[in-house]
Amino acid sequence: MTSKRGRKASSGSPSAAAKKTAKAEAHQKAAAARRAGKAEAHLKKARDSVAALLDDKRLPDDAKARLGEDYRQLQRLLDKLEQGHVHVAAYGRVSVGKSALLNALAGKEIFATSVLHGKTRHSEHTLWQTLDSGGIYLIDTPGIDEIGGKSRAELAAHVARQADAVLFVVDSDMTRDEYQALLQLHEKTQPLILVLNKADRLNEADRDTLLAHLTRRVAGIIPAQRIVAASARPDTYIQIATDAEGREHEETIQPAADVDALKTVLWKLLEADGKSYAALNASVFAGKLSERVGQEIVAARQHLAENIIRHYALIKAVGVAVNPIPAVDLLALAADATMIVHLSRTYGIDITRHQAGELVRTIALQTGYLMGTVYGIQALSSLLKGLTAGLSTVLTAGAQGGVAYYGSYVIGKAAERYFAQGASWGAGGAKPVIEEILRDLDKDTLIQEAKTSIAQYLGKKS
């Protein structure tokens, strides 16, 4: 019986192994399909982000000029994605062996190396491996601590941030500056590989101790499996050789580079998720640029809104100050409604004049006593002008016009906040918003500025 069971198990084992192999292959194909789908989704997001940013009509021309290089960089990232390319940058201090490490990975002398301080002047790149229809490119950068090399350090950081993966190269324990640079580079969408170069200078025990120490220092930033030792250009040594005639002579031996562990880690990382990292990196850059675009739009709107508010406030102030007909003072309040209509369009919100009038009344009511004082002075001055056939204008123009300017300015700033918040006062309603505006405004200074503007305006007209 035992023999039969053994024969049955033996005869069934090839079929079970085949099924297991087929299942593993199916799992790998499914995982690859999921990665491809993820990469394509990230790529679409990056494309959409670029298109939206490039076509944003709200951004003024001068802001577009300021952000021009960012737009060009974003377009280059998109082009890189379309071509299926992945960029890997080497980053670190001068003389840690970045260029030599990339040469060892490439298997040929592409990047300039020198014992002189600061050999690399510009970022350079070369194709390392093909990946599907694209390729993995290695990029060299200037050292982060070159003498007089602030601009080069900025270039290095810029290139490293635009790369899809970064080889952070050290040749000993990390300095404080290196650690700070590592923190600045750290992005969840941009994998970092910490490379301890020149490991041949250490014995095995010291190398293992240093790697363990580095692993603890970068815990939470770089996973332990992405911390590797390498020897891009091992130190030469002299050995005694004997020629065919038995004569001894010295030979300088250059040991072969040892970057096999780094190749394995880098390829495993990029083969699985390289294109997703590239797409995510572009999406992150697009998101950051989108924030800057938003800030530029807000600043442009605020600048335009401020000019609109001051323009209408001055027109109203001059009209209130110099017009001898009492009824016109009250009609001047209509300027506030016109101002609000203009402000609404600045923020892309269309309202009717009736709605603008309702908003003026809401702000005036919530402002309470202050607005009552403003309109009270206007009414008193109007009555005085009516009784004196306008002779009191000289006496009341400055004070009345200044108060009218201030009142209109408050209404304008409150309306601007309302539109900036999407035609909403927020959960607390209008009162806390207006109270905050009143606290922030220097009434006396604003009224004095208004008086000066009124005098200058009337001087030009006389």
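Every heavy atom of this structure was used, including side-chain atoms; hydrogens, water molecules and symmetry mates were not.
- Looking only at side-chain heavy atoms (C-beta outward), K413 and D440 stay at 4.5 Å or farther from each other.
- In terms of heavy atoms, A230 sits closest to V195 at CB-CG1, 3.9 Å.
- Salt bridge annotation for R439-E436: absent, with no cationic side-chain nitrogen under 4.0 angstrom from a carboxylate oxygen.
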- Message: Would T346 and E416 count as a side-chain contact (heavy atoms from CB on, under 4.5 Å) here? Give the steps.
- Response: CA-CA 9 Å; T346 300; E416 179 192 3; over 6 Å; no

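- Two residues are said to be in side-chain contact when any heavy atoms from C-beta on lie closer than 4.5 Å; I193 and L266 meet this criterion.
- The distance from atom CG of L105 to atom CD1 of I136, rounded to the nearest 0.5 Å, is 10.5 Å.
- Note: H85 and Y137 have tilted aromatic rings, judged against thresholds of 30 and 60 degrees for the angle between ring planes.
- Note that CD1 of I222 and CG of L185 are 9.5 Å apart. Values are rounded to the nearest 0.5 Å.
- Formation of a donor-acceptor pair under 3.5 Å by the N197 side chain with backbone atoms of A232 is found in this model.
- Distance alone, capped at 3.5 Å, places no donor-acceptor pair between the R417 side chain and the V433 backbone.
- Using bins of under 30°, 30° to 60° and over 60° for the plane-to-plane angle, the ring pair Y312/H342 lands in the perpendicular bin.
- The side-chain heavy atoms of R226 and L194, taken from C-beta on, include no pair separated by under 4.5 Å.
- Residues D177 and R93 are not paired through a salt bridge, judged by the lack of any N-O separation under 4.0 Å between the basic side chain and the carboxylate.
- Residues H186 and F168 have side chains not in contact (no heavy-atom distance under 4.5 Å, counting atoms from C-beta outward).
- Put simply, the side chain of Q355 does not reach to within 4.5 Å of the side chain of V341, judged on heavy atoms.
- Closest heavy-atom contact between V228 and A261: CG1-O, 4.3 Å.
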- Item | Residues L102, V88; criterion side-chain contact (heavy atoms from CB on, under 4.5 Å); working and verdict | CA-CA 10 Å; L102 295 179; V88 180; 6.0 Å; no

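- Rounded to the nearest 0.5 Å, atoms CD (E306) and CG (L343) are 10.0 Å apart.
- Note: W425 and Y418 have tilted aromatic rings, judged against thresholds of 30 and 60 degrees for the angle between ring planes.
- S172 approaches L214 most closely through the heavy-atom pair O-CD2, 4.2 Å.
- With rounding to the nearest 0.5 angstrom, the CD1 atom of I139 is 8.0 Å from the CG atom of D164.
- Taken from CD1 in I308 to CE in M339, the straight-line distance is 9.5 Å, to the nearest 0.5 Å.
- For the pair Y405 and I447, the minimum side-chain heavy-atom distance is 4.5 Å or more.
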- Test side-chain contact (heavy atoms from CB on, under 4.5 Å) applied to L183 and Q180, step by step: CA-CA 5 Å; L183 291 177; Q180 289 300 318; 4.2 Å; yes

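- In terms of modelled atom types and a separation under 3.5 Å, the side chain of T141 and the main chain of A90 share a donor-acceptor contact.
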- Are I110 and N103 close enough, and set up right, to give a side-chain contact (heavy atoms from CB on, under 4.5 Å), and what steps lead you there? CA-CA 6 Å; I110 298 294; N103 285 335; 3.8 Å; yes

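- Residue P223 comes nearest to I227 through the heavy atom pair O-CG1, 3.7 Å, listed as atom of the first residue, atom of the second, then distance.
- Panel note: side chain S408, backbone A404; no donor-acceptor pair is recorded below 3.5 Å.
- Contact between I349 and A423 at its shortest, heavy atoms only, is CD1-N, 3.7 Å.
- The shortest distance between side-chain heavy atoms of L192 and Y91 does not fall below 4.5 Å.
- Counting heavy atoms from C-beta outward, E449 and Y409 have side chains that stay 4.5 Å or more apart.
- Within a 6.0 Å radius of NE2 in H213, other residues, nucleotides and ligands contribute more than 12 heavy atoms.
- Taking CG of L446 as the reference point, atom NZ of K443 lies at 11.0 Å (rounded to 0.5 Å).
- Not one N or O on the side chain of E178 forms a donor-acceptor pair closer than 3.5 Å with the backbone of G92.
- Across all non-hydrogen atoms, the minimal contact from I340 to A356 is CG2-CB, 3.8 Å.
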